**Q** 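Right, I'll just put the structure down here and ask away after.
Sequence lines set the chain letters: A, B, ... in the order given, protein chains first and strands last, and positions in each chain run from 1. Computed from a prediction, not measured in an experiment: that's the story for all the values here.
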Number of protein chains: 2
Amino acid sequence: MLEQCGSESSIEVTTDEDDESYVPDRSTMIMNKHWILKRCDLFEKLTDDQAERLERNASLRNFPKGSIIYAPHDPGRSVLVLAEGRVKLKGITPDGKETIVAFIEEGELFGELAIVDDAPRDEFAESVVDSTVLAIACETLFELVDELPAFSFKVTRLLGLRRRRIETRLRNILFRSNRQRVAGILLELLEASRERTGEERRITPRLSHQEIAGLIGSTRETVTLVLGQLQLEGLIKVGRRSITIVDRHGLSLVTNS
Amino acid sequence: MLEQCGSESSIEVTTDEDDESYVPDRSTMIMNKHWILKRCDLFEKLTDDQAERLERNASLRNFPKGSIIYAPHDPGRSVLVLAEGRVKLKGITPDGKETIVAFIEEGELFGELAIVDDAPRDEFAESVVDSTVLAIACETLFELVDELPAFSFKVTRLLGLRRRRIETRLRNILFRSNRQRVAGILLELLEASRERTGEERRITPRLSHQEIAGLIGSTRETVTLVLGQLQLEGLIKVGRRSITIVDRHGLSLVTNS
DNA sequence: ACAGTTTTGTGAGCCGGCTTACAAAACGAG
DNA sequence: CTCGTTTTGTAAGCCGGCTCACAAAACTGT
């Protein structure tokens, strides 16, 4: 369990060239920085000139499944874009349980609090599958913010939206039973899911019961139990790392007990 | 308990003139909009021209102790500055318990997620003492953001810092015992406190045990109990609505059990 | 197909914290 | 000073959820 690999691999922008960890496998061969930037909606509206400047100060790295991209107390002078894979932002409690803050999907930004100040990171970023990450130096972003007000606003918006989400999550956890928490997190995850099968919709970041427990501050066993109940009640369908919401409205009734 | 007054009083900017709720009592007599803006560090660097434009599109209102400034599902087209008093941002669980998101002190901004999009509010803002609030229309802020990049960055920074704080709070609640939560929230509140008595420091927003419970998702009785224990152990001193941290380091040991 | 790993299922037992129920302080207003 | 309100203190009893302990699937790589 929890093979906690040492935090020897802090990701920070150095120069463009000496990217020793660049491994030209099937995916990164095809992928270039420009293509990655265009795929991230924060950067899609940039001019070619601006994009190019960004690329010059960005470095691409590969992270095998389960490796730590950054850890608490790491400097945090770059903002990261997930080019491929999936990343888990988490904390570790003193007794070793992992509290999951968020999942990052392809094309999404993370570690963006580095923009705010130069405080160290206060969470782990771990690749849950083989991932490739683009690191952009904060200074480069500052230049962009200065000359492009629209871009600045997009950043503000991103921070704001994520804050709203996490505040909702906090309210959905305080004072609520485990049953309510599970129903709540399922609905929350459903928002971010696009996959649909007819009327029913499946939670797209395929999660284990252990991970769900990490999201709501519960245990694996209890989550298994609650999911079982919800299935019996015909609200959801569960499979291995797969949850399909059958009765969305019924679930929202459960959250609000 | 919880006298839930109806949400008849949504605060939104109308015009400057017809401010029917303007009551020129001892405090608002002295206070003018300009003075209020200058006191909020977000606006302190504005030119006189900009400040004046802001004032024209801002409206001042008084809220007696315990009134609702805005409620969930309210439009949310303004950003608010607390000129005087204290405001509590909270949610209400289905069974009537209040989950406190944050306290707002004089000179601080709140309801600022209106900048991000025009989604309705998703929390209550309640004045815990008689308060006067300045409402600024979002459109006015947008103009400012466009022409003043530095201002834009300040907003981003504000959102980012608050997000970091709330993420920390989430991690400090998940998987943690009530004892750990109390110790954690005390340290968190201490950060925002300036009041000091020699070596010891007092939590400045004077909180009741009930409110502390609302912050960490616990009950009043349990909080009373835990605070009693912590006092016995010589880590803190408790009085009526008053908590003084004696052994800060000892407390941080408690949080990380 | 086989061995090892990951994920899920299930149950007994225990405990922290919630509930309920009072009561004593401490405070504020008149 | 007195009455009403707010805040805090305390304790018995109960229960949701955690712990611990296995075991059966389901998936992975070889």
**Q** Quick one: do A:R86 and A:E106 make a salt bridge, cutoff under 4.0 Å?
**A**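 No.
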**Q** Expressed in angstrom and rounded to an integer, what is the separation of B:R241 atom CZ from D:dG9 atom P?
**A** 13 Å
**Q** For the helix from C:dA1-D:dT30 to C:dG30-D:dC1, measure the angle between the helix axis at one end and the axis at the other, each built from five pairs, rounding to 10°.
**A** 60°
**Q** Let me know the distance between CD of A:Q229 and C1' of C:dT8, rounded to the nearest Å.
**A**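 Interatomic distance, CD of A:Q229 to C1' of C:dT8: 15 Å.
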**Q** Give me, pair by pair, the N or O atoms of the protein and of nucleotides 19-25 of chain D that are less than 3.5 Å apart, along with how far apart they are.
**A**
unit_1 : atom_1 : unit_2 : atom_2 : d
D:dT19 : OP1    : A:K97  : NZ     : 2.9
D:dT19 : OP2    : A:K97  : NZ     : 3.4
D:dC20 : N4     : A:E221 : OE2    : 3.1

**Q** Answer yes or no: is there an ion pair linking A:R241 with A:E211, defined by an N-O contact shorter than 4.0 Å?
**A**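 Salt bridge flag = yes for A:E211 with A:R241.
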**Q** Between atom CG in B:L232 and atom C1' in D:dG9, what is the gap in whole Å?
**A**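 These atoms are roughly 13 Å apart.
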**Q** Quick one: CG on A:L82 to CZ on A:F103, what's the gap to the nearest 0.5 Å?
**A**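 Separation between the atoms: 12.5 Å.
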**Q** Rounded to whole angstrom units, what separation is found between the CD1 atom of B:I216 and the C1' atom of C:dG16?
**A**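 Roughly 13 Å, once rounded to whole Å.
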**Q** List the atom pairs, donor and acceptor, that lie under 3.5 Å between side-chain atoms in residues 223-231 of chain B and the rest of the protein, sequence neighbours left out.
**A**
unit_1 : atom_1 : unit_2 : atom_2 : d
B:T224 : OG1    : B:H209 : ND1    : 2.9
B:T224 : OG1    : B:R220 : O      : 3.1
B:T224 : OG1    : B:R220 : NH1    : 3.3

**Q** Please determine whether a side-chain nitrogen or oxygen atom of A:S218 lies at a distance below 4.0 Å from atom OP1 or OP2 of D:dC18.
**A**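 Answer is yes, contact under 4.0 Å.
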**Q** Side chains of residues 178-189 of chain A: which donor-acceptor pairs under 3.5 Å do they make with residues two or more places apart or in other chains?
**A**
unit_1 : atom_1 : unit_2 : atom_2 : d
A:N178 : OD1    : A:S218 : OG     : 3.1
A:N178 : ND2    : A:S218 : OG     : 3.2
A:R179 : NH1    : A:E233 : OE2    : 3.0
A:R179 : NH2    : A:E233 : OE1    : 3.0
A:R179 : NH2    : A:E233 : OE2    : 3.4
A:Q180 : OE1    : A:S177 : N      : 2.9
A:Q180 : OE1    : A:S177 : OG     : 3.4
A:Q180 : NE2    : A:T255 : O      : 3.4
A:R181 : NE     : A:I173 : O      : 3.4
A:R181 : NE     : A:R176 : O      : 3.2
A:R181 : NH1    : A:I216 : O      : 2.8
A:R181 : NH2    : A:I173 : O      : 3.4

**Q** If you apply the rule side chain to side chain contact (heavy atoms under 4.5 Å, CB included), what do you find for A:I236 with A:L251, and how did you get there?
**A** CA-CA 8 Å; A:I236 62 176; A:L251 262 191; 4.1 Å; yes
**Q** Separation of A:E211 atom CD from C:dT7 atom P, in whole Å?
**A** 7 Å
**Q** Taking C-beta and beyond as the side chain, do A:P205 and A:S193 meet within less than 4.5 Å on heavy atoms?
**A** yes
**Q** Salt-bridge test for B:E191 and B:R248: reply yes if a basic N is under 4.0 Å from a carboxylate O, no otherwise.
**A**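 Salt bridge flag = yes for B:R248 with B:E191.
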**Q** Taking only N/O atoms, report every protein-nucleotides 28-30 of chain C pair under 3.5 Å with atom names and distance.
**A**
none

**Q** Would A:K65 and A:E126 pass as an ion pair if we require N to O under 4.0 Å?
**A**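 Salt bridge absent between A:K65 and A:E126.
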**Q** Let's see if you can work this out: which of D:dT10, D:dG17, C:dT8 has an atom nearest to the side-chain heavy atoms of A:T224?
**A**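 The closest nucleotide is C:dT8.
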**Q** Would you please name every residue forming a side-chain hydrogen bond (donor to acceptor under 3.5 Å, both in side chains) with A:R171, sequence neighbours left out?
**A**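 A:R171: no side-chain hydrogen bond (donor to acceptor under 3.5 Å, both in side chains) contacts found.
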**Q** May I have the distance from B:Q210 (atom CD) to C:dT19 (atom C1'), rounded to whole angstrom?
**A** 14 Å
**Q** Choose from D:dG9, C:dG9, D:dC18 the nucleotide whose nearest atom is closest to any side-chain atom of A:H209.
**A** C:dG9
**Q** Rounded to whole Å, please give me the gap between CD1 in B:I212 and P in C:dG17.
**A** 16 Å
**Q** To the nearest 0.5 Å, how far apart are CD in B:Q210 and CD1 in B:I100?
**A** 8.5 Å
**Q** Measure from NZ on B:K65 to P on D:dT6 and round the result to the nearest Å.
**A**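 Atom NZ in B:K65 sits about 7 Å away from atom P in D:dT6.
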